[in-house]
*Asks:* 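One structure is given below, represented as structure tokens, and several questions about it will come after.
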Amino acid sequence: MIINMNEGATEDEIQHVIERVREAGFQAHVTRGTERCIVAAVGSGGKRHELEALAAAGGVAEVVPIAQPFKLVSRQVKPHRSVIEVGDVKIGDGSFAVIAGPCSVESRQQIFSTAQAVKAAGARLLRGGAYKPRTSPYDFQGLGVEALRLLSEVRKQVGLPVVTEVMSTEDAELIAEHADMLQVGARNMQNFALLRRLATVSKPVLLKRGPSATVKEWLLAAEYLLAGGNPKVVLCERGIKTFETETRNTLDLAAVALARELSHLPVMVDPSHGTGRRTLIAPTSRAAAALGADGIIVEVHPCPERALSDGAQSLDFRGFRDLMQSLAEPMRAVSIPQLRMDKAAAKS
Ligand code: PEP
Ligand code: MN
């Protein structure tokens, strides 16, 4: 349930509502907007009728049910958009954040040269897999701890915040020490033990959409993180499984717009895994910018033909520079009207 406070509600009235929500057996999550305060009562097993009775309490405008199964993630609970800070980079502030780097960290030379090249071309964050979720156990599985150390070094020397994937609860602590943002890969979107663990770390999480997950399931996966105490979540559409085989996955751009409509969390797009084809990265990235996505995550390798994973969808340095140039115009064109639309939606 949501308890919408009046514009002029006093701090005492808000505190009273929070206490009553807790007494009724729910958690109280408070969102303070510029004009109004919203208290969301979430959890199971509490006494609903006690929440409904709060309609008569001082400072309360209305008590309404939360329409969606996801609660803290929904725009009903938090109408204005969340901005997630990763190191010194803000995701969701109306700019278009570009995360770039190799699918896997393969060597010192490979990760350093890629970090320098993508930074020079305008990327704001570096990606690089240390622990890789591979379909075949015979494929390259990542350099593990050695890759984490390289990512830490490159972060310090090149000055880009680092994003890397966490596949298991056991690695969470170590990876959180080395990385600025933890990626939950598509295959682990509904690994609930992992989500519960990452809800307790202080680092932001990039939550990829599962290849067969509905938008609702994706947002419920994000709810695990928020409900468990980590509000720093960025969603990422990376393509879903369909009958089409010409592309590796089907990039569901409508889901990006829908997720931004239903949720206040930033939504990014992964055109590399979403298409599996280098030639489709620029057009789909421009489409992502045009529909208001909060950024992209792109695979870049010094020599894609030698990449140990995902070479076919990786751009070389020149390809990445070209991509960034082709994005300059859509990025400029979109960010201002998008911000205006978001502000208007938050007010309504
Ligand atoms: C990746 O980012 O390299 C990756 C494996 O992504 P996904 O989980 O989307 O397949
Ligand atoms: Mn990859």
Side-chain angles (χ1 to χ4, degrees), residues 86 97-106 110-111 114 118 123 125-137 139-144 147-148 151 162-168 171 175 179-191 194-195 198 204-213 215 217-218 221-222 233-242 247-253 255-256 259 267-278 280-281 284-285 288 293 295-316 319-320:
V86 185
V98 178
I99 307 176
C103 179
S104 307
V105 177
E106 298 171 3
Q110 176 242 22
I111 192 68
T114 309
V118 299
L125 302 106
L126 178 70
R127 62 151 290 149
Y131 298 87
K132 296 303 303 176
R134 303 307 301 278
T135 302
S136 163
D139 286 341
F140 178 61
Q141 303 287 309
L143 296 180
L148 292 181
L151 286 171
V162 162
V163 185
T164 198
E165 177 163 353
V166 186
M167 292 207 300
S168 89
D171 304 328
I175 298 179
D180 300 283
M181 182 178 222
L182 310 179
Q183 175 174 319
V184 173
R187 295 156 186 82
N188 270 319
M189 188 204 84
Q190 284 188 314
N191 179 339
L194 183 62
L195 295 174
L198 297 185
V205 173
L206 182 70
L207 179 64
K208 296 258 193 124
R209 179 182 179 190
S212 310
V215 170
E217 287 163 343
W218 185 24
V233 177
V234 175
L235 301 165
C236 179
E237 159 62 32
R238 48 77 72 203
I240 51 173
K241 290 237 179 282
T242 67
T247 47
R248 181 176 178 186
N249 290 292
T250 296
L251 188 65
D252 187 4
L253 287 174
V256 176
V267 186
M268 298 187 73
V269 172
D270 177 344
S272 307
H273 295 87
T275 66
R277 284 175 180 244
R278 176 178 310 129
L280 298 181
I281 291 173
T284 49
S285 296
I296 48 171
I297 175 165
V298 183
E299 290 188 335
V300 180
H301 193 281
C303 181
E305 72 175 80
R306 289 182 189 272
L308 298 181
S309 56
D310 287 349
Q313 65 191 36
S314 299
L315 296 172
D316 61 14
F320 183 67

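Because the structure is a prediction, the values reported are computed rather than measured. Heavy-atom basis, side chains included; hydrogens, waters and symmetry copies ignored. First listed ligand is number 1; within each ligand, the first listed atom is number 1.
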*Asks:* Checking the side chain of Asp270 only, and the main-chain atoms of His273 only, is there a donor and an acceptor separated by less than 3.5 Å?
*Replies:* yes
*Asks:* Among all protein heavy atoms in this structure, tell me which lies nearest to atom 2 (O) of ligand 1, with the distance rounded to 0.1 Å.
*Replies:* Arg127 NH1, 2.8 Å
*Asks:* In plain terms, say whether Glu299 and Arg127 are close enough for a salt bridge, that is, a side-chain N and a carboxylate O under 4.0 Å apart.
*Replies:* yes
*Asks:* Output the list of atoms in ligand 1 that are nearer than 4.0 Å to some heavy atom of Lys132, sorted by atom number.
*Replies:* 1 (C), 3 (O)
*Asks:* Just by distance, do the side chain of Asp180 and the backbone of Val162 share a donor-acceptor pair under 3.5 Å?
*Replies:* yes
*Asks:* May I ask you to check whether Ser309 and Ser104 show a side-chain donor-acceptor distance below 3.5 Å?
*Replies:* yes
*Asks:* Measuring from non-hydrogen atoms of Cys103 to any atom of ligand 1, is the shortest distance under 4.0 Å?
*Replies:* yes
*Asks:* Is the closest basic N to carboxylate O distance between Arg248 and Asp310 below 4.0 Å?
*Replies:* yes
*Asks:* Any nitrogen or oxygen of Asp310 lying under 3.5 Å from a nitrogen or oxygen in ligand 1? Just yes or no.
*Replies:* no
*Asks:* Quick one: does Glu106's side chain have a donor or acceptor within less than 3.5 Å of a partner on Leu308's backbone?
*Replies:* yes
*Asks:* So does Phe140 get a backbone contact from the side chain of Arg134, meaning a donor-acceptor N/O pair under 3.5 Å?
*Replies:* yes
*Asks:* For Ala186, is at least one N or O under 3.5 Å away from an N or O on ligand 1?
*Replies:* yes
*Asks:* Taking Gly128's backbone N and O only, do any of them form a donor-acceptor pair with Thr164's side chain (distance below 3.5 Å, no angle check)?
*Replies:* yes
*Asks:* Of all the non-hydrogen atoms in the protein, which one sits nearest to atom 4 (C) of ligand 1, and at what distance?
*Replies:* His273 NE2, 3.4 Å
*Asks:* What protein heavy atom sits nearest atom 6 (O) of ligand 1, and how far away is it?
*Replies:* Lys208 NZ, 2.9 Å
*Asks:* Does Leu143 offer a backbone N or O that forms a donor-acceptor pair with the side chain of Gln141 under 3.5 Å?
*Replies:* no
*Asks:* Measure from the side-chain N and O atoms of Lys132 to the backbone N and O of Asp139, and report whether any donor-acceptor pair falls under 3.5 Å.
*Replies:* no
*Asks:* For atom 10 (O) of ligand 1, which protein heavy atom lies nearest, and how many Å away is it?
*Replies:* Arg238 NH2, 2.8 Å
*Asks:* With 2.8 Å as the limit, jot down which protein N, O or S atoms are around the Mn ion (ligand 2).
*Replies:* Cys103 SG, His273 NE2, Glu299 OE2, Asp310 OD2
*Asks:* Check ligand 1 against Gly185 and write out every atom of the ligand that is under 4.0 Å from a heavy-atom position of the residue.
*Replies:* 8 (O)
